2 protein chains.
Amino acid sequence: MHKPRAEMIAQTRAKLVAAARQAFGTAGYADASMDDFTSAVGLTRGALYHHFGDKKGLLEAVIAEIDAEMDARLLAVSSRSQSQWQGFVDECTAYLEMALEPEIQRIVLRDGPSVLGDPATWPNQNKCILSMSANLKRLSADGIIRPGDPEALARLLNGALLHAASWIANSPEPEATSRRAVEGIKDLLNGLLRFPVATPANASGC
Amino acid sequence: MHKPRAEMIAQTRAKLVAAARQAFGTAGYADASMDDFTSAVGLTRGALYHHFGDKKGLLEAVIAEIDAEMDARLLAVSSRSQSQWQGFVDECTAYLEMALEPEIQRIVLRDGPSVLGDPATWPNQNKCILSMSANLKRLSADGIIRPGDPEALARLLNGALLHAASWIANSPEPEATSRRAVEGIKDLLNGLLRFPVATPANASGC
DNA sequence: TATAATAACATACGCAGCGTATGTCGATGT
DNA sequence: ACATCGACATACGCTGCGTATGTTATTATA
């Protein structure tokens with residue numbers, strides 16, 4: 001029964017990450033006081049520096065946690081799709097929807113790049129890109145889309161999706177804007193198909 | 001001879017903006033000390049607070065200046081193109097190249113969104129979007145591209161271009177990556193055309 | 001032209017927040 | 001059992017922001 005040591009440690013780390021995630025997500029990284037959100041879970045900055053080195057280290061941990069969740073959610077979505085093409089479109093849509101969440105917008109998409117540098121330099125951010133480019137590679141090999149550079153396309157589409165999310169989130173009418181964005185994305189993706197479907201309306205079919 | 005008052009004021013503002021632009025572009029917004037870069041041009045924080053209210057206000061001014069320069073450069077590029085389609089492609093390429101500059105990356109693309117909120121909420125950032133969507137609208141009306149939502153497409157392409165710029169800038173081989181990105185963009189844009197041109201890569205299709 | 005008013009700054013002060021250095025206590029290994 | 005070490009808390013100094021308060025020169029007014 002004497003093994004709760006490692007558990008306590010993990011719990012402390014988890015509490016710190018959770019507290020920081022809450023604070024970063026609402027107040028933003030710069031305005032989140034380490035004294036405040038550590039004491040909110042009954043700890044001090046001492047524990048924080050011991051486990052994460054500094055404030056940036058904690059942000060990295062928070063982002064890693066969020067990124068892992070995003071990856072799992074994307075995996076769950078694509079595993080439920082029938083056709084390859086449909087799975088790809090579904091993943092794009094799910095990615096866009098996730099990017100709409102304020103916590104992800106604030107921590108991963110805005111403060112993250114500012115504090116930790118460009119996401120392209122992170123070890124994590126590749127997860128989504130890799131998954132996306134793998135999909136595109138298969139689609140290209142199977143002749144479903146026109147030949148091209150899968151990774152380049154994945155990065156371009158990734159940027160388009162993230163930007164669309166910001167557009168939607170800050171729109172006065174998010175619902176309508178979301179529909180416009182999704183239509184636009186389908187339009188873009190449709191242009192990649194070797195044999196595009198006739199009308200944009202049923203671009204998601206196939 | 002007595003009119004240098006307004007001139008001196010404008011000069012002070014310009015010096016502050018220039019100093020801040022230099023500091024923000026190299027050290028980043030968070031690590032740029034107001035005391036440091038004001039004294040670098042023979043002023044103090046007093047002048048800064050008088051003219052710009054606070055540090056964020058100064059960042060807004062810096063971004064506005066950079067944005068105006070970007071807009072002028074884009075205008076110059078598109079005015080030199082013959083066809084509408086070529087002009088659009090040229091503008092996209094120029095936009096990508098500008099987004100490669102470290103100063104723009106750091107100030108406008110990373111720190112700006114983090115400090116001032118999403119660019120979609122700025123009054124300026126619309127310049128490029130508006131110009132882009134106007135181009136797309138004309139292209140659509142003239143039947144050069146397939147029908148669609150010009151503004152949505154503009155935002156998606158804008159995101160793709162910005163993301164591509166980050167990808168290139170942080171790539172170990174920027175030259176090669178740049179070529180891949182440009183090819184990918186052309187591929188994407190080509191998919192928008194009503195009658196896609198045959199590229200060496202997909203000469204057999206369509 | 002003398003003086004009042006105001007704008008353009010500089011100076012001075014207080015305070016929040018980060019990082020480090022140091023201390024304490026309980027768990028683990030032998 | 002005792003020594004060691006890891007997991008935190010405490011204490012301290014320093015940087016840097018914002019504000020409140022001068023100081024000086026230009027403009028307005030009489």
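What's counted below: heavy atoms across the whole structure, side chains too, no hydrogens, waters or symmetry copies. Each chain gets a letter, A, B and so on, in the order its sequence line appears, and its residues count up from 1. Please read all numbers here as calculations on a predicted model, not as lab measurements.
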task: Whole angstrom is fine here: how far is it from NZ in B:Lys15 over to P in C:dA8?
output: 15 Å

message: Looking at B:Lys55 and B:Ala32, would you say the former's side chain and the latter's main chain have a donor-acceptor pair under 3.5 Å?
response: yes

message: Is B:Thr12 close enough to C:dC9 that one of its side-chain N or O atoms is under 4.0 Å from OP1 or OP2 there?
response: yes

message: One thing to verify: whether A:Glu60 and A:Lys56 come together as a salt bridge, which I'm taking to mean a side-chain N less than 4.0 angstrom from a carboxylate O.
response: no

query: When the distance from CZ of A:Arg13 to C1' of D:dA7 is rounded to whole Å, what number comes out?
result: 12 Å

task: With a 4.0 Å heavy-atom cut-off, tell me which residues in residues 46-63 of chain B come close to DNA chain D, sorted by residue number.
output: B:Tyr49, B:Lys55

- request: Starting from C1' on D:dA9, measure out to CG on A:Leu43 and report it in whole angstrom.
  value: 10 Å

task: Could you tell me the separation between the CZ atom of A:Arg45 and the P atom of D:dT10, rounded to a whole number of Å?
output: 12 Å

message: Quick check: do B:Ile144 and B:Phe88 have side-chain heavy atoms less than 4.5 Å from each other?
response: no

message: Mind checking if A:Met34 touches a base, just sugar-phosphate, or nothing, with heavy atoms under 4.0 Å?
response: sugar-phosphate

Chi angles and distances behind the side-chain hydrogen bond (donor to acceptor under 3.5 Å, both in side chains) call for B:Ser78, B:Glu91: CA-CA 6 Å; B:Ser78 64; B:Glu91 253 195 21; 3.2 Å; yes

message: What is the distance, to the nearest angstrom, from the CG atom on A:Asp35 to the P atom on D:dT10?
response: 11 Å

- prompt: For the pair made of CG in B:Asp36 and P in D:dG16, what is the distance, rounded to whole Å?
  reply: 6 Å

query: What's the CE-P distance between B:Met8 and D:dT24, to the nearest Å?
result: 17 Å

- prompt: Taking atom C1' of D:dC8 as reference, at what distance in whole Å does atom CD of A:Gln11 sit?
  reply: 14 Å

message: The side chain of B:Ser33 is closest to which nucleotide in this list: D:dG16, C:dA8, C:dG19?
response: D:dG16

A:Met132 and A:Leu74, any side-chain heavy atoms less than 4.5 Å apart: no

message: I need the minimum non-hydrogen distance between B:Ala181 and B:Ile168, along with the two atoms involved.
response: CB-CD1, 3.7 Å

query: With sugar-phosphate meaning primed atoms plus P, OP1 and OP2, does A:Ala32 contact a base, only sugar-phosphate, or nothing at under 4.0 Å between heavy atoms?
result: sugar-phosphate

query: Between B:Arg110 (side chain) and A:Pro113 (backbone), is there a donor-acceptor pair under 3.5 Å?
result: yes

